[in-house]
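Everything on this sheet refers to the single structure shown next.
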Amino acid sequence: TTCPYVVRDGKVNPDVRTLKDSPAFVHLAEAVSYNSLAHVLSSGSSTGFSREAASNIDTFFLAPSTSMRPNLNYGQLVRGPGEKGRQGTFTGVLDLRGMARIVNGVLMLKETRSPDWTSRRDGAFRSWLSDYVGWLDSSPLAKKAASSGNNHGTFFVNQYVSAKLFLGDVAGATSALRGYFSNQFLDQIAKNGEQPFEAKRTRPFHYRAFNLEAMITNAKLGDQLGLDFWTAKSKYGATIQTAVDFLISVNPGDEDVTEAVPHVAAVAAAYGDPNGKYAAFLQRVDPRWKSLPVYFYDQTPAVPHSPAAQRTHTEEAPPKNHSNTTDSSVGILGGILG
């Protein structure tokens with residue numbers, strides 16, 4: 001109440017640990033996505049998995065006594081005197097970055113016609129997302145996050161596009177993705193694969209991996225719309241693959257090298273791994289990698305518009321004058337979990 005806090009990059013105010021909302025949303029996203037996947041794999045019309053996923057959605061988004069309002073007006077608030085100390089900051093928008101996983105999970109319940117995903121739940125969740133998109137479109141906090149050149153702007157696109165897709169606004173989702181890859185993305189990756197806006201942070205390995213998570217999710221979202229952003233290049237000629245190649249070439253120091261694992265698995269699926277470079281990295285860093293969730297949802301058929309998938313299609317193309325019908329569908333948003 002007497003003086004403002006001083007912002008120091010990479011330093012977390014201990015007060016933050018007294019609030020469980022941001023970690024809870026991360027856990028929520030995992031609970032919904034994994035329970036929905038388990039429901040699909042169990043082939044049950046109604047299972048404990050689907051009930052659990054629906055219950056989590058109820059608690060966080062729909063139940064009047066526990067639900068979150070569809071805005072982040074108080075996200076990552078920096079306490080201090082005056083009105084400013086009672087308002088959120090644009091960085092708070094980042095805390096709902098798991099929205100892509102949640103939408104992914106709900107769409108799996110819808111696709112399998114789970115009786116646990118009722119029309120009432122669907123309508124209420126749709127209403128929540130519609131209100132949240134309205135906030136993302138109009139709030140000064142959201143607009144500042146959207147215009148950020150680093151991971152804040154990349155993650156903004158994740159959740160904005162996911163919500164748009166759920167609401168059936170394909171044109172809006174497509175426009176947002178094209179806007180990102182035509183603007184922020186152009187400056188995010190240097191020729192050698194370095195991410196300059198993330199490298200200057202106090203934990204550069206973490207932030208490089210963090211932004212890659214968001215970039216890869218944006219490419220996966222585009223893939224589900226029939227768009228190839230895997231081959232999109234920054235103004236320096238670099239792709240997402242270039243950024244991953246750089247990440248695995250640097251010494252992480254005392255940071256956690258396993259943060260790179262999901263991104264290496266995704267790049268191997270999207271671009272191919274003819275020389276086994278990515279498989280060797282994954283085996284060295286985490287020998288369990290083939291039993292991790294990222295291995296199972298980072299498979300080439302899940303990203304049918306990626307370079308690796310296109311090469312496979314070319315190699316498997318039928319001879320001329322022969323008809324051939326194949327089903328290339330991989331399920332609703334099959335490759336988006338990030």
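Atom CZ in Arg121 sits 9.5 Å away from atom CD1 in Ile57 (nearest 0.5 Å). Taking CZ of Phe49 as the reference point, atom CG of Asp116 lies at 12.5 Å (rounded to 0.5 Å). In this structure, Glu213 CD and Asn151 CG are separated by 9.5 Å, a value rounded to the nearest 0.5 Å. Here the NZ-CD1 distance, from Lys233 to Ile240, works out to 13.5 Å after rounding to the nearest 0.5 Å.
In this structure, a donor-acceptor pair under 3.5 Å is present between the side chains of Thr242 and Thr239. With hydrogens and angles left out, the side-chain atoms of Tyr278 and Gln241 include a donor and acceptor closer than 3.5 Å.
Panel note: side chain Asp131, backbone Pro70; no donor-acceptor pair is recorded below 3.5 Å. With hydrogens and angles ignored, the 3.5 Å screen pairs a side-chain donor or acceptor of Asn56 with a backbone N or O of Glu52. A distance-only check finds no donor-acceptor pair linking the side chain of Ser114 to the backbone of Leu109 [under 3.5 Å]. Side chain of Lys290 to backbone of Pro287: no donor-acceptor contact under 3.5 angstrom is found. Although no hydrogens or angles enter the test, the distance criterion places a donor-acceptor pair under 3.5 Å between the side chain of Trp128 and the main chain of Met68. Without hydrogens or angle criteria, Gln310 side chain to Pro304 main chain gives a donor-acceptor distance under 3.5 Å. Not a single donor-acceptor pair under 3.5 Å links the side chain of Ser127 to the backbone N or O of Gly123. Listed for the Asn150 side chain is no donor-acceptor partner under 3.5 Å among the backbone atoms of Glu198. For Gln224 (side chain) and Ala302 (main-chain N/O), a donor-acceptor pair under 3.5 Å exists by modelled atom type. At least one donor-acceptor pair closer than 3.5 Å links the side chain of Gln184 to the backbone N or O of Ala146.
Summarising the geometry of Pro307 relative to Thr231, their closest heavy-atom pair is CG-CG2, 3.8 Å, with the distance given to 0.1 Å. Summarising the geometry of Ala238 relative to Ile189, their closest heavy-atom pair is CB-CG2, 3.4 Å, with the distance given to 0.1 Å. Thr258 approaches Asp256 most closely through the heavy-atom pair OG1-OD1, 2.6 Å. Across all non-hydrogen atoms, the minimal contact from Ala163 to Leu129 is CB-CD2, 4.1 Å. The shortest heavy-atom contact between Phe229 and Ala219 is CB-CA, 4.3 Å. The two residues Gly105 and Ser36 make their nearest non-hydrogen contact at O-OG, 3.1 Å.
Under the 4.5 Å side-chain contact rule for hydrophobic residues, Phe125 and Leu72 share a cluster. Residues Leu28 and Val93 are members of one and the same hydrophobic cluster, defined by side-chain heavy-atom contacts under 4.5 angstrom among Ile, Leu, Val, Met, Phe, Trp and Tyr. Clustering ILVMFWY residues whenever any of their side-chain heavy atoms sit less than 4.5 angstrom apart, transitively, puts Leu96 in a cluster other than the one holding Leu77. When the side chains of ILVMFWY residues are joined at heavy-atom separations under 4.5 Å, either directly or via intervening members, Val250 and Val261 end up in a single hydrophobic cluster. Under a hydrophobic-cluster definition in which Ile, Leu, Val, Met, Phe, Trp and Tyr are linked whenever side-chain heavy atoms come within less than 4.5 Å, directly or via other members, Phe155 and Tyr160 are assigned to different clusters.
Aromatic ring orientation, Trp135 versus Tyr132: parallel (interplanar angle below 30°, classes split at 30° and 60°).
Residues Tyr180 and Phe156 keep their aromatic ring centres 6.0 Å or farther apart.
Atom CZ of Phe296 is surrounded by more than 12 heavy atoms from other residues, nucleotides or ligands within 6.0 Å. More than 12 non-hydrogen atoms from other residues, nucleotides or ligands lie less than 6.0 angstrom from CG of Asp9.
Looking at heavy atoms from C-beta onward, Leu247 lies out of side-chain contact with Val264 at the 4.5 angstrom threshold. Put simply, the side chain of His305 does not reach to within 4.5 Å of the side chain of Leu227, judged on heavy atoms. Val32 has its side chain out of reach of Phe60: every pair of non-hydrogen atoms, C-beta onward, lies at least 4.5 Å apart. The side-chain heavy atoms of Pro81 and Cys3, taken from C-beta on, include no pair separated by under 4.5 Å. Between Tyr297 and Asn104 there is no side-chain heavy-atom pair separated by less than 4.5 Å. Side-chain atoms of Thr300 and Tyr271, non-hydrogen and from C-beta on, never get closer than 4.5 Å to each other. Between Asp187 and Tyr236, some side-chain heavy-atom pair lies under the 4.5 Å cut-off.
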Give the C-alpha distance, both sets of side-chain angles, the deciding distance and a yes or no for side chain to side chain contact (heavy atoms under 4.5 Å, CB included) between Met99 and Asn158.
-> CA-CA 8 Å; Met99 189 61 73; Asn158 285 183; over 6 Å; no
Side chain to side chain contact (heavy atoms under 4.5 Å, CB included) between Met215 and Phe181, intermediate numbers included = CA-CA 9 Å; Met215 288 194 288; Phe181 281 100; 5.9 Å; no
Chi angles and distances behind the side chain to side chain contact (heavy atoms under 4.5 Å, CB included) call for Arg97, Phe25 = CA-CA 9 Å; Arg97 62 187 179 275; Phe25 196 84; over 6 Å; no
Side chain to side chain contact (heavy atoms under 4.5 Å, CB included) assessment of Val294 paired with Trp289 = CA-CA 8 Å; Val294 295; Trp289 69 281; over 6 Å; no
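A salt bridge between Lys277 and Asp245 is present, with a side-chain N of the basic residue lying under 4.0 Å from a carboxylate O of the acidic one. One finds no salt bridge joining Glu259 and Arg208 here, because no Lys/Arg side-chain nitrogen approaches an Asp/Glu carboxylate oxygen to under 4.0 Å.
Stacking of Arg101 on the aromatic ring of Tyr34 is recorded, both the 6.0 Å distance cut-off and the 45° axial limit being met.
Put simply, the residue from Thr89, Asp95, Asn13 that forms a side-chain hydrogen bond (donor to acceptor under 3.5 Å, both in side chains) with Gln76 is Asp95.
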List, one per line, each side-chain donor-acceptor pair under 3.5 Å for residues 165-179, sequence neighbours excluded.
from	atom 1	to	atom 2	distance (Å)
Asp169	OD1	Gly172	N	2.8
Asp169	OD2	Lys164	NZ	2.9
Thr174	OG1	Val170	O	2.8

